Each structure stands twice: as C-alpha cells, then as structure tokens.
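Below is one structure, written out as structure tokens, with a few remarks after it.
Computed from a prediction, not measured in an experiment: that's the story for all the values here.
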Amino acid sequence: MSSENLEKAQAEGKYIRKIRSFVKREGRLTKGQAAALERSWPTMGLTHDQGLLDLTDVFGRQAPTVLEIGFGMGKSLVAMAAAAPEKNFIGIEVHRPGVGACLMDAEEAGLTNLRVFEHDAVEVLEDCIADGSLSTVQVYFPDPWHKKRHHKRRLIQPEFVELLRRKLAIGGIIHLATDWENYAEHMLEVMNSAKQWRNLSETNTYIPRPSERPLTKFEQRGERLGHGVWDLKFERVE
C-alpha cells in the first residue's frame with residue numbers, strides 16, 4: 001500500500017496492521033523473575049510512553065550506547081554489559097519472563113550501565129531513540145521464519161535496516177548473528193544491497209564470532225553437533 005493510500009485509509013478510520021518485530025509468546029514468570037521486575041524496573045526499565053530519550057539523562061553520563069534487539073533471557077546482554085562498563089547498553093525484548101531473567105542477572109552482576117524495554121523494537125526505535133545516537137546495534141539469533149512463505153516476516157529487511165542506519169552514528173556498527181544459513185544469506189543480501197554500509201568482513205561475506213559476543217550454551221551444543229553460526233558486521237559510512 002502506498003503512503004498516500006495508507007494515509008487515506010487511516011483518515012477513513014480503517015485499521016491497518018503494522019508489521020511488528022516479533023510474535024508474542026508469553027510464558028509464566030517465575031517468582032524470582034517477578035521479584036526482579038518489581039525491584040529493578042524503577043531503575044532499569046524504560047517505557048515507550050517516555051517518548052524520545054535523552055541518553056545522557058537516562059544513564060547519567062555520556063558514553064557509547066549499544067542497543068540489542070530481542071535479547072531473549074538476557075544472558076549474553078548482561079555478560080557484554082559487565083565486560084564493557086565504559087559503554088551504555090539498552091536491551092529490547094517483548095517477552096516478560098526474558099525481561100525478568102535479564103534483570104535478575106543484572107542485579108547479581110551489580111550493573112548500572114544497562115536499561116531494558118519490554119516493547120516492540122520498531123516502535124521503540126521510531127519513537128524513543130534519537131537519530132545518530134547509537135554506536136552499535138546488535139541482533140542475535142532473530143526468529144528465522146524458516147518456511148519460505150514466512151520469509152517476509154523476517155526482521156532483517158531493507159526498510160528495517162534503513163531505520164537502524166538512521167539511529168546509528170556515522171561509523172556505527174550493526175552486528176547480526178544467526179544459526180540458519182538461509183537467513184544468513186538473506187541478511188548478507190539485504191546488507192550488501194544497502195549502499196550506505198561497509199562490510200567489515202575481509203572476504204566481504206561473514207566474520208568469525210567476535211570476542212565481545214558471548215558463546216551461548218545453545219551455540220556450544222550446536223558446535224558439537226556441527227551446526228554453523230554466521231556473524232555479520234557492517235559499518236554505517238553515510
């Protein structure tokens with residue numbers, strides 16, 4: 001639908017379903033997750049209702065800010081934030097048990113440089129993150145939608161990549177990882193087609209897993225079974 005037709009439909013009061021960055025699969029909170037949410041949300045939680053954020057106010061300092069989309073249970077995000085206290089980290093996840101688990105681990109690690117959203121990533125990026133304000137965006141193991149008829153639901157698409165480009169500073173990095181080769185090929189095609197990026201791979205394809213991305217238990221198991229993981233890093237050049 002063209003933007004003109006979309007505006008016309010909205011003016012006529014028709015409901016237009018927006019593409020979302022996720023499928024909601026709500027699980028049950030454990031007692032520990034619920035308690036962590038209650039304790040730490042006031043200091044670590046961010047909401048879409050807050051609107052455009054001033055990251056200096058949010059973190060009480062100026063520092064490079066890393067944003068992770070779909071952090072799952074938060075193990076890798078917490079490990080990265082703990083390993084890089086000089087950076088700010090923002091995580092976005094729609095599943096409350098994952099948010100609760102992340103806050104539990106963040107509490108245990110004593111983190112002060114991590115904030116989290118429980119909301120759709122597209123809306124957070126559009127409404128809460130200023131253009132040019134991020135140093136890194138990371139998307140690890142997004143839903144591969146492996147059936148061909150579902151490929152259009154994949155998060156890494158040209159329109160979304162352009163949104164990420166706007167939010168990154170010049171020289172900012174997008175880091176993608178997947179364990180589905182077909183999705184890796186799709187990601188590489190989308191990124192190579194976007195002219196405002198430079199592939200940081202020496203072969204102009206994939207990179208070895210960078211040391212800053214923790215190896216997950218799932219990934220370790222996959223390695224033993226001979227499963228591959230593909231990492232991509234691109235720099236915003238304009």
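Hydrophobic clustering (side-chain heavy atoms under 4.5 Å, transitive across Ile, Leu, Val, Met, Phe, Trp, Tyr) groups Val190 together with Trp180. Criterion: ILVMFWY side-chain heavy atoms under 4.5 Å apart, direct or through other members. Under it, Ile92 and Leu163 are part of a common hydrophobic cluster. Connection of Val124 to Val58 is established within a shared hydrophobic cluster, with ILVMFWY side chains joined at heavy-atom distances below 4.5 Å, either directly or through further cluster members. Criterion: ILVMFWY side-chain heavy atoms under 4.5 Å apart, direct or through other members. Under it, Val229 and Leu200 are not part of a common hydrophobic cluster. A single hydrophobic cluster is not seen to contain both Val99 and Met104; linkage of ILVMFWY side chains at heavy-atom distances under 4.5 Å, directly or through other members, places them apart.
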Criterion side chain to side chain contact (heavy atoms under 4.5 Å, CB included) on Phe234 and Val161, from CA distance to verdict:
CA-CA 11 Å; Phe234 282 76; Val161 167; over 6 Å; no

Take Cys102 and Val78 through the side chain to side chain contact (heavy atoms under 4.5 Å, CB included) test and state the conclusion after the steps.
CA-CA 7 Å; Cys102 181; Val78 168; 3.9 Å; yes

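Using a 4.5 Å cut-off on side-chain heavy atoms (C-beta onward), Cys128 and Leu46 make no contact. Two residues are said to be in side-chain contact when any heavy atoms from C-beta on lie closer than 4.5 Å; Met191 and Asn199 fail this criterion. Residues Leu215 and Arg209 meet the side-chain proximity criterion, which asks for heavy atoms closer than 4.5 Å. Contact annotation: the side chain of Val137 never approaches that of Leu125 to less than 4.5 Å [non-hydrogen atoms, C-beta and beyond]. Contact annotation: the side chain of Ile90 approaches that of Leu55 to within less than 4.5 Å [non-hydrogen atoms, C-beta and beyond]. Looking only at side-chain heavy atoms (C-beta outward), Ile69 and Phe160 come within less than 4.5 Å of each other. Considering only heavy atoms from C-beta on, Leu53 stays 4.5 Å or farther from Ser133 through its side chain. Between Leu155 and Asp143, every side-chain heavy-atom pair lies at or beyond the 4.5 Å cut-off.
Taking NE2 of His95 as the reference point, atom CD of Glu118 lies at 10.0 Å (rounded to 0.5 Å). Expressed to the nearest 0.5 Å, how far CZ of Arg96 lies from CG of Leu37 amounts to 6.5 Å. Within the model, atoms CG of Leu67 and CG of Asn88 stand 11.5 Å from one another, a figure rounded to the nearest 0.5 Å. Between the CG atom in Leu188 and the CD1 atom in Ile156 there is a gap of 12.5 Å [rounded to 0.5 Å]. Put simply, CD on Glu93 and CZ on Phe117 are 13.5 Å apart, with the number rounded to the nearest 0.5 Å. Between Thr56 atom OG1 and Gln62 atom CD the span is 4.5 Å, to the nearest 0.5 Å.
Among all heavy-atom pairs drawn from Gln33 and Arg28, the shortest one is OE1-O, 4.1 Å. In plain terms, the two heavy atoms of Gly98 and Met73 that are nearest each other are CA-SD, 3.6 Å. Minimum heavy-atom separation, Leu111 to Ala82: CD2-CA, 3.7 Å. The shortest heavy-atom contact between Leu114 and Phe59 is N-CE2, 4.1 Å. Between Pro85 and Asn113 the shortest heavy-atom distance is CA-ND2, 3.6 Å. For Pro214 against Ala79, the heavy-atom pair with the smallest separation is CG-CB, 3.9 Å.
Using a distance-only test at 3.5 Å, with no hydrogens or angles considered, a donor-acceptor pair links the side chain of Ser135 to the main chain of Thr65. A donor-acceptor pair is defined here as one N or O able to donate and one able to accept, closer than 3.5 Å; such a pair exists between the side chain of Arg236 and the backbone of Arg165. Side-chain atoms of His186 do not come within 3.5 Å of backbone N or O of Pro144 as any donor-acceptor pair. Although no hydrogens or angles enter the test, the distance criterion places no donor-acceptor pair under 3.5 Å between the side chain of Lys87 and the main chain of Val66. Counting only distance, with no hydrogens or angles, the side chain of Arg115 and the backbone of Thr112 share a donor-acceptor pair below 3.5 Å.
Applying the side chain to side chain contact (heavy atoms under 4.5 Å, CB included) test between Trp197 and each of Val237, Ile173, Ile174 identifies Ile174 as the sole match.
In this structure, Tyr140 and His175 have perpendicular ring planes: the angle between them is above 60°, well past the 30° mark.
Open room surrounds CD on Glu202; 12 or fewer heavy atoms of other groups in view lie less than 6.0 Å from it. With a 6.0 Å radius and a threshold of 12 heavy atoms from other residues, nucleotides or ligands, Glu108 has its CD atom at or below the threshold. The number of heavy atoms from other shown groups lying within 6.0 Å of CD (Gln50) is above 12.
With sequence neighbours left out, the side chain to side chain donor-acceptor pair (under 3.5 Å) criterion links Asn192 to no other residue.
The residues Glu189 and Arg154 are annotated as not salt-bridged, no charged nitrogen and carboxylate oxygen being separated by less than 4.0 angstrom. Taking the charged nitrogens against the carboxylate oxygens, Glu219 and Arg213 do have a contact shorter than 4.0 Å, which makes a salt bridge.
A donor-acceptor pair shorter than 3.5 Å can be found between the side chains of Glu68 and Gln138.
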